[in-house]
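Below: one structure, written as structure tokens.
The analysis underlying the following values was restricted to heavy atoms, covering all of them including side chains, and did not include hydrogens, waters or symmetry mates.
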Amino acid sequence: MIEKLISEMILYYHGDPKRIQHFMKVHDFARTIAVLENLDPETLFTLETAAVVHDIGIHISEEKYGSAAGKYQELEGPPLAKEMLTRLGFPENVITRVCYLVGHHHTYHKIDGADYQILVEADFLVNLYEDQASEKAAAHACETVFRTITGGRFCREMFGV
């Protein structure tokens, strides 16, 4: 089911390899962190689903607001995710949680679950690299954002902090 969703998202982002590369990397980091943190299978499935669609609202945000800012993605993403996941036959409880995660993944306070925490960490790992963050910025993120043992270790090892 995740593979079908990935295929659908590649079609959705047709002609935008940067965004395709981004969600694939976030998915892979999220899955790896989750497995190493012993996440249960149901939460892992929800996390993987959310990681694939987490930025689904980015194109419409750029069109409507002229910005890819996180607040616009959080606003525009959930309805798009819901439509796609419903069409692909995802369970309703997964759709509900994924829409919540898509609608909050740029909000870093009040993180309410391992799936949410790991999604944020995976997205940070990729964004710090893609944005060529300074060592100081990476160190700050490692210290303030990361809560899982695995995610924190990945952050420190990747960025040498």
Q) Among the clusters formed by ILVMFWY side chains lying less than 4.5 Å apart, do V145 and V126 turn up in the same one? A) yes
Q. Of all heavy-atom pairs between L125 and F29, which one has the smallest distance, and what is that distance?
A. CD1-CD2, 3.8 Å
Q. In Å, rounded to the nearest 0.5 Å, how long is the span from CD of E135 to CG of L128?
A. 12.0 Å
Q.
Applying salt bridge (charged side-chain N to carboxylate O under 4.0 Å, His left out), can you list everything that pairs with D112, at least two apart in sequence or on another chain?
A. R97
Q: Kindly write out the residues that satisfy ring pair (Phe, Tyr, Trp, His ring centres under 6.0 Å) with H106, not counting sequence neighbours, or none if the list is empty.
A: none
Q: Verify the cluster assignment for I20 and I2: are they in a single hydrophobic cluster under the rule of side-chain heavy atoms below 4.5 Å apart?
A: yes
Q.
Any side-chain to backbone donor/acceptor pair from D123 onto L119? Under 3.5 Å, distance only.
A. no
Q: Output every pair passing disulfide bond (SG atoms under 2.5 Å apart) with a member in residues 21-86, not counting sequence neighbours, ordered by first then second residue.
A: none
Q: Determine, stepwise, if the pair N93 / T96 fulfils side chain to side chain donor-acceptor pair (under 3.5 Å).
A: CA-CA 5 Å; N93 65 317; T96 299; over 6 Å; no
Q: Report yes or no: do E62 and S67 form a side-chain donor-acceptor pair below 3.5 Å?
A: no
Q: Kindly work out whether a path of hydrophobic side-chain contacts (I/L/V/M/F/W/Y, heavy atoms less than 4.5 Å apart) joins M1 to V26.
A: no
Q.
Apply side chain to side chain contact (heavy atoms under 4.5 Å, CB included) to residues Q73 and D55 and explain how you reach the verdict.
A. CA-CA 7 Å; Q73 290 182 50; D55 282 344; 2.7 Å; yes
Q: Heavy atoms only: give me the nearest D28-T32 pair and the separation to one decimal.
A: O-OG1, 2.8 Å
**Q.** Side chain to side chain, L44 and R31, heavy atoms closer than 4.5 Å
**A.** yes
Q. Are Y100 and I95 connected in the hydrophobic side-chain network, where two residues link if heavy atoms are under 4.5 Å apart?
A. no
Q) Rounded to the nearest 0.5 Å, how far does CG of L47 lie from CG of L101? A) 8.0 Å
Q) Any ring pair (Phe, Tyr, Trp, His ring centres under 6.0 Å) pairs touching residues 79-99, not counting sequence neighbours? A) F45-F90
Q | Shortest non-hydrogen contact from T144 toward R147 | A | O-NH2, 3.0 Å
Q. Closest approach of V98 and T46, non-hydrogen atoms and distance?
A. CG2-O, 3.7 Å
Q.
Could you tell me if the side chain of I149 sits less than 4.5 Å from the side chain of E37, heavy atoms only?
A. yes
Q) Which pairs count as ring pair (Phe, Tyr, Trp, His ring centres under 6.0 Å) when at least one residue sits in residues 123-161, sequence neighbours excluded? A) Y108-F124
Q. Does any pair with a residue in residues 54-80 pass ring pair (Phe, Tyr, Trp, His ring centres under 6.0 Å), and if so which ones, sequence neighbours excluded?
A. Y13-H59, H22-H54, H54-H105, Y65-Y72
Q: Scan residues 110-151 for pairs that pass disulfide bond (SG atoms under 2.5 Å apart), counting only residues two or more places apart or in two chains.
A: C142-C155
Q | Heavy-atom closest pair, residues A137 and S134 | A | N-OG, 3.0 Å
Q: Taking the side chain as every heavy atom from C-beta outward, state whether K18 and D16 have any pair of such atoms under 4.5 Å apart.
A: yes
Q: Using a cut-off of 6.0 Å, state whether more than 12 heavy atoms not belonging to Q132 lie near its atom CD.
A: no
Q. Who else is in the cluster with L11 when I, L, V, M, F, W and Y are joined by side-chain contacts under 4.5 Å?
A. none
(Q) Is any side-chain heavy atom of L80 closer than 4.5 Å to one of Y12? (A) yes
Q: Answer yes if the ring centres of H27 and F23 are under 6.0 angstrom apart, and no otherwise.
A: no
Q: For M84 and M9, run side chain to side chain contact (heavy atoms under 4.5 Å, CB included): C-alpha distance rounded to whole Å, both residues' side-chain angles, the deciding distance at 0.1 Å, then the answer.
A: CA-CA 9 Å; M84 182 179 288; M9 283 299 294; 3.7 Å; yes
Q: State plainly whether the residues K4 and E8 are in salt-bridge range, i.e. N to O under 4.0 Å.
A: no
Q. Among the clusters formed by ILVMFWY side chains lying less than 4.5 Å apart, do L39 and L36 turn up in the same one?
A. yes
(Q) Evaluate M24 against V52 for side chain to side chain contact (heavy atoms under 4.5 Å, CB included), listing each step before the verdict. (A) CA-CA 7 Å; M24 290 297 297; V52 172; over 6 Å; no
Q: Begin with the C-alpha distance, continue with both residues' side-chain angles, and end with the deciding distance and a verdict on side chain to side chain contact (heavy atoms under 4.5 Å, CB included) for V102 and E74.
A: CA-CA 6 Å; V102 169; E74 289 181 339; over 6 Å; no
Q: Using the test salt bridge (charged side-chain N to carboxylate O under 4.0 Å, His left out), find all partners of E76 that sit at least two apart in sequence or belong to another chain.
A: K64
Q.
For a quick test of reading the model, state the closest non-hydrogen atom pair linking G77 to I56 and the distance between them.
A. O-CG2, 3.4 Å
Q. Can you list every pair that meets disulfide bond (SG atoms under 2.5 Å apart) and has a residue in residues 49-117, with sequence neighbours left out?
A. none
Q.
Side chains of Q117 and T148 only: does a donor on one sit below 3.5 Å from an acceptor on the other?
A. no
Q. Can you list the residues that meet the salt bridge (charged side-chain N to carboxylate O under 4.0 Å, His left out) rule with E130, with sequence neighbours excluded?
A. K25
Q | Partners meeting salt bridge (charged side-chain N to carboxylate O under 4.0 Å, His left out) with E42 (sequence neighbours left out) | A | none
